[in-house]
Amino acid sequence: MRRAGAAAAEVLMIAGRHVAPGITTDAIDAIVHAEVLERGAYPSPLGYRNFPKSVCTSVNEVICHGIPDSRPLAAGDIVNIDVTVYLDGVHGDTSAMFGVGEVDDESRRLVRGTLRALEAAIEAVAPGVPVSAIGKAIEGVARPGRLGVVREFVGHGVGPDFHGNLQIPHYHDPRNSTPLAEGMTFTIEPMLTLGSPQVELWNDGWTAVTADRSRSAQFEHTLVVNSGGAEILTVASDGRCAHELSVASAPGAHTG
Ligand code: MF3
Ligand code: CO
Ligand code: CO
């Protein structure tokens, strides 16, 4: 799981460095595909329930599961790149936001808030803690930040299966008292919105957009519960990941 996580994190960092006005999400898909194979891994999305590409690219009002296409990214766009790799029998799943050129203040606020929500959720993880603590931590950031929390898509168990049985809601469901236990591997991947978190699905069967077309952001890590808390698995061998790149680059580079 550490090796699969590191490979996913490395590929996501490389993909993120290519984000710039004019590049198409198809070109990002080609980069991800090649970099995944380079590492002796398989791009998990490709052919998964008939998903046609090797990565998900979700632009602006797209919440998740955007399919790479021929539209060039434009200055002001925000894009989530979601990389999953299958290496030596297990999956590593991670995503981050990238700003394209100059991004408006509200988008930067959204992106930063979503990353803070993921970080708060990871902080809440420990053996014996109920699954509901994760959504509670996310809402603790989203509510005061006036950001919507998408309910239709959840974090998930990950390992030999891309999507295991364990579900990790990003909203607070106090009835979910399932305790986290050492050795569990799962993702946390909150999707937060500037407006309503209501979801609509395109007729391609994949692309999920906000019903009000407000912008949405998402960050994702794969982690394992250890004795002290969470160990993040989707970091490169030097401990770095695209999330730092994401905040250091366009979203937020210009204001504090
Ligand atoms: N990577 C996504 C997740 O975080 C799942 C994408 S499924 C796909 O769970 F088929 F669209 F790739
Ligand atoms: Co996932
Ligand atoms: Co993912």
Side-chain angles (χ1 to χ4, degrees), residues 5-36 43 45 53-85 92-119 147 150 153 187-194 207-210 214-222 232 234-236 240-256:
E10 286 170 23
V11 172
L12 179 58
M13 283 191 278
I14 291 166
R17 286 191 202 105
H18 283 87
V19 170
I23 192 172
T24 66
T25 47
D26 270 344
I28 294 170
D29 177 67
I31 291 162
V32 167
H33 185 88
E35 292 291 339
V36 171
K53 299 289 171 97
S54 295
V55 68
C56 297
T57 53
S58 301
V59 180
N60 297 341
E61 75 276 14
V62 181
I63 295 168
C64 64
H65 303 164
I67 301 173
D69 64 17
S70 59
R71 170 192 180 283
L73 293 174
D77 286 344
I78 56 171
V79 59
N80 174 277
I81 302 178
D82 190 343
V83 172
T84 313
V85 309
D93 189 5
T94 185
S95 82
M97 297 301 297
F98 301 94
V100 184
E102 284 276 339
V103 169
D104 67 70
D105 288 350
E106 278 292 277
S107 298
R108 290 202 291 262
R109 189 173 76 77
L110 169 68
V111 169
R112 288 169 164 251
T114 308
L115 180 55
R116 273 199 290 115
L118 172 60
E119 290 170 347
L147 299 170
V150 172
F153 302 97
T187 73
I188 306 178
E189 47 184 295
M191 286 141 273
L192 269 50
T193 60
L194 280 174
T207 310
V209 298
T210 55
S214 66
R215 287 185 171 198
S216 176
Q218 178 178 33
F219 286 88
E220 175 176 28
H221 268 313
T222 297
I232 300 172
T234 34
V235 290
R240 300 187 60 210
C241 78
H243 295 182
E244 18 184 308
L245 185 68
S246 179
V247 172
S249 71
H254 313 286
T255 55

For A8 and G92, the nearest pair of non-hydrogen atoms, with its separation, is CB-O, 3.6 Å

Can you tell me if CZ on R71 sees more than 12 non-hydrogen neighbours from other groups inside 6.0 Å?
yes

Could you state the interatomic distance from CG (L192) to CZ (R116), rounded to the nearest 0.5 Å?
10.0 Å

Using the rule side-chain contact (heavy atoms from CB on, under 4.5 Å), only one of P68, P72, S70 pairs with T25; which is it?
P68

Flag the pair Q218 / F153 as yes when at least one side-chain heavy-atom distance between them is below 4.5 Å, and no otherwise.
no

Less than 4.5 Å apart, side chain to side chain, heavy atoms only: is that true for D104 and R215?
yes

Can you check whether T94 reaches H243 side chain to side chain, under 4.5 Å on heavy atoms?
yes

Test item: S58 side-chain N/O and G66 main-chain N/O as donor-acceptor pair under 3.5 Å
yes

Among D29, D26, D69, find the one that has a side-chain hydrogen bond (donor to acceptor under 3.5 Å, both in side chains) with K53.
D26

Over all atoms of both residues, closest heavy-atom pair of P43 and H33
CG-ND1, 3.8 Å

T193 side chain near L147 side chain, heavy-atom distance below 4.5 Å:
no

For a 4.5 angstrom cut-off between non-hydrogen side-chain atoms, does I78 reach L110?
yes

Answer yes or no: is there a side-chain heavy-atom contact under 4.5 Å between T114 and M97?
no

Would you check, one step at a time, whether the test side-chain contact (heavy atoms from CB on, under 4.5 Å) holds for I81 with V19?
CA-CA 10 Å; I81 302 178; V19 170; 3.8 Å; yes

Side-chain touch E189/D93, heavy atoms, less than 4.5 angstrom
yes

Starting from the C-alpha separation in whole Å, work towards a yes-or-no answer on salt bridge (charged side-chain N to carboxylate O under 4.0 Å, His left out) for R109 and E106.
CA-CA 5 Å; R109 189 173 76 77; E106 278 292 277; 2.9 Å; yes

Is the shortest side-chain heavy-atom distance between L73 and T57 below 4.5 Å?
no

So how far is it from I28 CD1 to C56 SG, rounded to the nearest 0.5 Å?
12.5 Å

Between the CG atom in L245 and the CZ atom in R17, the distance rounded to the nearest 0.5 Å is 6.0 Å

Cut-off 3.5 Å, side chains only: do D82 and S95 have a donor facing an acceptor?
no

Exercise: identify the closest heavy-atom pair between A9 and A236:
CB-N, 3.7 Å

Output the distance between atom OG (S216) and atom CD1 (I63), rounded to the nearest 0.5 Å.
5.0 Å

Test side-chain contact (heavy atoms from CB on, under 4.5 Å) on L12 and F98; report intermediate values, then the result.
CA-CA 11 Å; L12 179 58; F98 301 94; 4.0 Å; yes

When rounded to the nearest 0.5 Å, the distance separating CZ of F219 from CD1 of I188 is 14.5 Å

When rounded to the nearest 0.5 angstrom, what distance separates NE2 in H65 from CE in M191?
7.5 Å

So, does T84 use its side chain to make a donor-acceptor pair with the main chain of P45 at under 3.5 Å?
no

